[in-house]
Every structure is written in C-alpha cells, then in structure tokens.
Amino acid sequence: MAALTLNLNSISNLSRSQFRQIAIDNPDMKLERNKAGNLIIMAPTGGETGSFNFDLSGQLYLWNLNNQAGKAFDSSTGFELPAGGDRSPDVAWITLDKWEALTPEERRGFLPLCPDFAVELMSRSDSWVQTQRLAPVGFPDAKSETRQTKMVEYMESGCRLGWLLDPKGKRAAIYRMGKPPELLTAPESLSGEDVLPGFVLDARFLWS
C-alpha cells in the first residue's frame, strides 16, 4: 500500500521536535516527516517487499561484518536529515567515524545526520513514470512521494550513494552526489563503489 501524506500547514508547520514527540507517542506506527513539514504515515510492507528487503539487508550485513567500516541500519531507523526531513530509508549505512562521533543519547534516538548510503525499495503499489522535468532517466510519479522525494532529500542532505530499486519494473536508479541519477535495467549486480568499497549486491533476486 502507498503511504499517506498529511498536509498540516493549515494548522501548523510540523516541526522536528513536534514530529519526534508524535513518533514517541505512537511507537507502533511507522511515521516520517518531509522537509515541507508534512506528516507521512507509512503502510506495512507486503510479504514480497519484506523478503526483498531482508535479502538486501543480509548482503550488506555480511559485507559490513567482514569490513567493520561502519554501521548499517534497517527500515525502522529514523534519520534527522540536515535538509529538513525526518526519514527512514529501507536500508542505510554510515561510516564508523560518524557513528563514533555521536553521543550515547544521540545513538539511542533518531540519528541527527544523513546516511552515507541509502536504499529505497519500491513496492508494487508505487508507480514509475518518465518525467523529463525531473531528470532524463525516469522517476516515480510525483504522487508517489515516499520514494523519489526521499531520494532527493537524501542527496540534498549529503548522501553519497543511493539506490532506488523497482522490482516490478525491473530497474534501478543510482543516485550519486552532484550527478544526475543513472537508470539501469535489471542489473545482475550493483556496486557500492567508493562509498562501500568491495560491496557488490547480487541483485538477481529482485528481478526474478
């Protein structure tokens, strides 16, 4: 199911501190806040998407376990992005230096930084259209706020590498800092490049 975006501007522009309190008061709900101050209610994932996300996270976990270069996070982790949004990528990773610079209190709460690496995995209910106004490769429809807009916010906040994965359409958009996204069709593998040196995702499970 697609996420529900609530525009609260007629009442109040939802601040970061207000969002944090709403999230604390509703621990059983997955909530996000975009940089415009809108509250986003995320629907639970379906079985297929959940399985894809588990496989993807597992491959990153094994690489990180062997390299000990940073900290990896699942989809329940909140990030307070410098660009203004409060987001939860499906998979995220930060360098060990960033993690060690956080105080114990910061580690326990929403992390006050942007991931170095972020992944958004589209479900079958998300749509993807060619939109030349946004980029020459192809992005989710503007109505699918939860994916394309999130990727833009990550990159604006300093994310170095992002993957937007569309199993239904068998395609992936690769986001790199300061560059237009690159569209790949059913790639067999995806490289962590210089952000995750040596990490190569076997992506064939996404397209089968």
Side-chain angles (χ1 to χ4, degrees), residues 30 32 42 44-79 81 87-99 111 113-128 135-140 144 146-208:
K30 184 176 180 181
E32 292 186 334
M42 308 294 291
T45 62
E48 182 181 65
T49 301
S51 177
F52 287 159
N53 201 67
F54 184 84
D55 288 346
L56 198 163
S57 299
Q59 292 190 48
L60 179 62
Y61 166 79
L62 292 175
W63 172 85
N64 199 53
L65 182 65
N66 291 326
N67 287 268
Q68 297 293 311
K71 286 287 185 179
F73 305 93
D74 66 12
S75 60
S76 62
T77 307
F79 290 85
L81 303 180
R87 298 295 196 170
S88 297
D90 289 322
V91 177
W93 181 90
I94 64 172
T95 63
L96 198 58
D97 287 346
K98 282 188 176 181
W99 176 254
L111 300 181
L113 48 77
C114 180
D116 293 287
F117 170 67
V119 180
E120 288 294 334
L121 182 62
M122 294 177 64
S123 68
R124 290 190 173 272
S125 62
D126 290 323
S127 63
W128 185 302
V137 291
F139 288 85
S144 185
T146 60
R147 303 301 173 183
Q148 184 266 339
T149 304
K150 289 174 72 172
M151 296 304 301
V152 171
E153 288 187 10
Y154 298 148
M155 304 315 291
E156 290 177 345
S157 292
C159 183
R160 296 157 58 200
L161 178 65
W163 296 347
L164 177 59
L165 306 177
D166 176 18
K168 180 178 67 174
K170 298 186 177 183
R171 48 197 163 185
I174 311 303
Y175 290 71
R176 302 177 181 91
M177 184 181 295
K179 298 181 180 179
E182 176 187 7
L183 181 66
L184 303 175
T185 301
E188 290 192 0
S189 63
L190 293 170
S191 171
E193 304 180 4
D194 60 346
V195 179
L196 306 170
F199 176 56
V200 178
L201 177 76
D202 183 344
R204 290 174 293 181
F205 70 94
L206 291 167
W207 327 122
S208 59

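Just so it is clear, the structure is predicted and the values come from calculations on it, not from any experiment.
A69 and N64 make their closest contact through N-OD1, 4.0 Å (heavy atoms, listed as atom of the first residue, atom of the second, distance). Smallest separation of non-hydrogen atoms from L190 and P187: CD2-CG, 3.8 Å.
Every side-chain hydrogen bond (donor to acceptor under 3.5 Å, both in side chains) that R176 has, sequence neighbours left out, goes to E182, E193. Every side-chain contact (heavy atoms from CB on, under 4.5 Å) that K30 has, sequence neighbours left out, goes to M42, S75, S88, D90. Residues satisfying the side-chain hydrogen bond (donor to acceptor under 3.5 Å, both in side chains) test with K98, not counting sequence neighbours, are D116. Partners of S157 under the side-chain contact (heavy atoms from CB on, under 4.5 Å) rule, at least two apart in sequence or in another chain, are L81, P82, A83, C114. When the ring-ring contact (aromatic ring centres under 6.0 Å, His included) test is applied to W63, the partners found at least two apart in sequence or on another chain are W93, F199. Every residue was checked against the side-chain hydrogen bond (donor to acceptor under 3.5 Å, both in side chains) condition with S189, not counting sequence neighbours, and none meets it. For D74, the salt bridge (charged side-chain N to carboxylate O under 4.0 Å, His left out) test picks out no residue, with sequence neighbours left out. In this view, E188 satisfies the side-chain hydrogen bond (donor to acceptor under 3.5 Å, both in side chains) rule with no residue, not counting sequence neighbours. Residues that satisfy the side-chain contact (heavy atoms from CB on, under 4.5 Å) test with S51, not counting sequence neighbours, are D55.
Distance CG/D166 to OG1/T185: 10.5 Å, rounded to 0.5 Å. Note that CG of L206 is 6.5 Å distant from CG of L121, once rounded to the nearest 0.5 Å. A distance of 10.5 Å separates CE in M155 from NZ in K179, rounded to the nearest 0.5 Å. Summarising the geometry, atom NZ belonging to K150 is positioned 6.0 Å from atom CZ belonging to R87; distances are rounded to the nearest 0.5 Å. Here CH2 of W99 is found 5.0 Å from CZ of F73. Values are rounded to the nearest 0.5 Å. Of the inter-residue distances, the one linking M122 atom CE with R171 atom CZ reads 7.5 Å to the nearest 0.5 angstrom.
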**Message:** Apply side chain to side chain contact (heavy atoms under 4.5 Å, CB included) to residues W163 and L201 and explain how you reach the verdict.
**Reply:** CA-CA 11 Å; W163 296 347; L201 177 76; 3.6 Å; yes
**Request:** Take K71 and T77, measure what side chain to side chain contact (heavy atoms under 4.5 Å, CB included) needs, and give me the verdict at the end.
**Result:** CA-CA 12 Å; K71 286 287 185 179; T77 307; over 6 Å; no
**Request:** Applying side chain to side chain contact (heavy atoms under 4.5 Å, CB included), run through F205 and Q59 and close with a yes or a no.
**Result:** CA-CA 12 Å; F205 70 94; Q59 292 190 48; 3.5 Å; yes
**Message:** Show, in sequence, the C-alpha distance, side-chain angles and deciding distance for I174 and L161, and conclude whether the side chain to side chain contact (heavy atoms under 4.5 Å, CB included) test is met.
**Reply:** CA-CA 7 Å; I174 311 303; L161 178 65; 3.9 Å; yes
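Looking at heavy atoms from C-beta onward, L60 lies in side-chain contact with F117 at the 4.5 angstrom threshold. Looking at heavy atoms from C-beta onward, P89 lies in side-chain contact with Y154 at the 4.5 angstrom threshold.
Applying the salt bridge (charged side-chain N to carboxylate O under 4.0 Å, His left out) rule to pairs touching residues 195-208 yields D202-R204, sequence neighbours excluded.
Heavy atoms of other residues, nucleotides or ligands lying less than 6.0 angstrom from OH of Y61 number 12 at most.
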